[in-house]
Amino acid sequence: MTWDFDTFFTYLFDSRMAWAALVTFCVAAVAQLLATVVGFVLALGLRSRSNLLRAPAVAYVWFFRGTPPLIQLLLIYFGLPQLGIRVTVLEAGISSLSLYGAAYMAEIIRGALASLDPGQEEAARSIGLSRFETMRSILAPQAARLVLPAFGNEFTSMMRTTSLLSVISFQELLRVTTLAISETFRPFELYSVAAVYYLLMATLWMVVQDWLERKFGVGMASAPVRRPIWSDIKRLIRFPRPFSRKITT
Amino acid sequence: MTIAAAEKSPILEVHGVVKRLGGVDILKGINFTVAEGSVVAIIGASGSGKSTLLRCLNMLIVPDDGEIVWKGQRVGWVQKGSTWVRQKEKELLGYRTQVGMVFQSFNLFPQMTALENIIEAPMTVLGRKRSEIEEEAHALLRKVRLSHRVKAYPHQMSGGEQQRVAIARALAMKPKAMLFDEVTSALDPELKGEVLTVMRELAAEGMTMILVSHEMGFVRHVADEVLFMHQGIVKERGNPSDVLVNPASAELQAFLQRVTD
């Protein structure tokens, strides 16, 4: 038995695999979005001067960063029904991934907010902006630019972490791949197909992140506006044309 | 203080303001009044509490004790029955819009153009339409001689230009008084002039101004009254041509020696 291109390409363009990849990407995106929202609220808690607000945030980060995401998933999917709370596979999957991701996003957002110039908040308040307006119009957009690179790490990690959901038989990319292997007995080709799909997702995100960084980088002297990353890629794949130019000595 | 200014009722009164930060008494009971349309300069060595005092005046820092009275009304406190209750941050916003502030490090919002910096507060706080406030913003940029920098981002402008945008940003809220916190200290000598010129014009228009400054020449020509702060108290006060020429205390003498050298 050797590497079989036929199997590889058949499954690469198989609608079930493509669908599973799409589902995986959507689950990761939704989970990451929720993780960011929850993480932002937690970050405000972590920054709060009130112990009553800070303590729960610290406890949350401590628990969700300190336990394996697989255990969190199993606690939600198999543990909660024991308490009379029934959850579907999708609910368990998205909620556990978001809760897990939120702990990391909280620390990232807290760090970004802490590194902003305190003069910005002072200036905003001095012209009459409320604390909420200051956060929304002045601080959050500046923090967003600082959060983006770490957010990218988190999101690509989230796309890979979705593979844990195969454990609770959620039909995501890895689960569908495993099922296909049991039909074909061709693990090398099929895991390769899965790897290609994960890479595709990561590539898609790279393009989006690049665009976001330039959008939020406006006016930031520390982050000069960069060329889009695809212009570098185009440059790399442009082959040299040896006869197109005269060589003079 | 000019006679005309002295006759007017004070717009701002400061009575026994005390502030303690990190276990250190920064302000130990400050008293002074500011007449409407007058210019009060606060001078003193660094660490004497000038910046803290300025931030107490618009409640960016809430004083521990004492009173700040704006147009006859106590700032930061409301009377409920027979007791005085501290105002919440939200209730202070209305007062803050009446007192503009300009900072040593400009603090323009880097993600916004000059124009956007100016229209941010009128739009967000006063809820005004962009089209209607933009005209005023252009007029303000003309006033600070930056009509050509409407679409520039802060990092594309010189320090002097940034500081003039910051002044325009504060003026956009139509304040009744302006606070200037060492606004030329971070600027190269050749850029100070353009900012001081704008301030001189504001004073001539009758804007009430309270400024912390090390520009003794500017203080002497523009200020109606000078306060010399030393270790959290007002050590000396009076007409600049008096106080700066014939300092009474050894501390002021030493300070003037240092800044004029």
Side-chain angles (χ1 to χ4, degrees), chain A residues 40 44-45 47-50 52-54 109 111-149 151 209-227, chain B residues 51 54-55 57-61 88-114 116-127 151-157 162 165-166 168-175 178-181 186:
Chain A
F40 181 74
L44 295 182
R47 281 167 61 80
S48 174
R49 266 172 296 177
S50 145
L52 216 64
L53 294 176
R54 200 174 58 244
I109 294 169
L113 288 172
S115 65
L116 297 179
D117 175 6
Q120 290 290 313
E121 188 183 354
E122 229 179 10
R125 287 169 63 207
S126 81
I127 46 176
L129 267 64
S130 67
R131 281 188 198 282
F132 174 76
E133 287 159 353
T134 302
M135 180 55 75
R136 187 196 57 194
S137 309
I138 311 300
L139 303 182
Q142 292 179 27
R145 170 62 190 82
L146 299 175
V147 159
L148 267 172
F151 178 93
Q209 177 174 350
D210 206 63
W211 176 75
L212 284 173
E213 278 191 29
R214 275 177 300 116
K215 179 175 152 63
F216 283 102
V218 166
M220 301 275 173
S222 59
V225 176
R226 291 186 295 129
R227 266 196 330 277
Chain B
S51 289
L54 221 54
R55 279 163 179 72
L57 296 183
N58 70 351
M59 289 281 159
L60 279 180
I61 294 178
K88 297 208 176 73
E89 168 83 10
K90 224 175 213 159
E91 299 166 307
L92 292 170
L93 300 176
Y95 168 67
R96 267 199 209 120
T97 61
Q98 298 184 56
V99 185
M101 186 160 186
V102 186
F103 301 87
Q104 180 175 357
S105 48
F106 328 136
N107 295 347
L108 288 181
F109 308 132
Q111 74 273 34
M112 300 179 186
T113 61
E116 287 166 347
N117 263 280
I118 294 169
I119 65 177
E120 175 62 34
M123 274 172 39
T124 319
V125 181
L126 307 177
K151 285 185 178 147
Y153 284 96
H155 74 97
Q156 297 167 330
M157 290 188 271
Q162 288 188 52
V165 173
R169 176 177 69 179
L171 290 174
M173 293 302 279
K174 300 195 171 71
M178 288 279 282
L179 310 174
F180 292 90
D181 186 17

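Keep in mind it's a predicted model, so treat the numbers as computed, not measured. A note on names: the letters A, B, ... follow the listed sequences, proteins ahead of strands, and every chain is numbered from 1.
Minimum interatomic distance between B:Met173 and A:Ile127 (heavy atoms only, all atoms of both residues): CE-O, 3.6 Å. The heavy-atom pair separating A:Glu122 from B:Leu60 by the smallest distance is CG-CD1, 3.6 Å.
For the set A:Glu133, A:Glu121, A:Arg125, the count of heavy-atom pairs under 4.5 angstrom toward chain B peaks at A:Arg125. Between chain A and the options B:Gln104, B:Lys90, B:Arg169, the largest number of non-hydrogen pairs under 4.5 Å is found for B:Arg169. Most heavy-atom pairs under 4.5 Å with chain A, from the set B:Gln156, B:Met112, B:Arg55: that is B:Arg55.
A:Arg145 CZ to B:Gln111 CD: the interatomic distance, rounded to the nearest 0.5 Å, is 12.5 Å.
Only the backbone of B:Leu108 comes within less than 4.5 Å of a heavy atom of chain A; no side-chain atom from C-beta onward does.
With contacts defined as side-chain heavy-atom distances shorter than 4.5 Å, the pair A:Gln120/B:Pro110 qualifies.
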Please list, one pair per line, the donor and acceptor atoms closer than 3.5 Å that link side chains of residues 93-103 of chain B to other protein atoms, with sequence neighbours excluded.
| residue | atom | partner | partner atom | Å |
| --- | --- | --- | --- | --- |
| B:Tyr95 | OH | B:Leu57 | O | 2.5 |
| B:Arg96 | NE | B:Asn58 | O | 3.0 |
| B:Arg96 | NH1 | B:Glu89 | OE2 | 3.0 |
| B:Arg96 | NH2 | B:Met59 | O | 2.7 |
| B:Thr97 | OG1 | B:Gly94 | O | 2.7 |
| B:Gln98 | OE1 | B:Trp70 | NE1 | 3.0 |

Can I get a per-line list of side-chain donor-acceptor pairs under 3.5 Å for residues 118-127 of chain B, giving both atom names and the distance, sequence neighbours left out?
| residue | atom | partner | partner atom | Å |
| --- | --- | --- | --- | --- |
| B:Glu120 | OE2 | A:Ser137 | OG | 3.3 |
| B:Glu120 | OE2 | B:Thr124 | OG1 | 2.8 |
| B:Thr124 | OG1 | B:Glu120 | O | 2.6 |

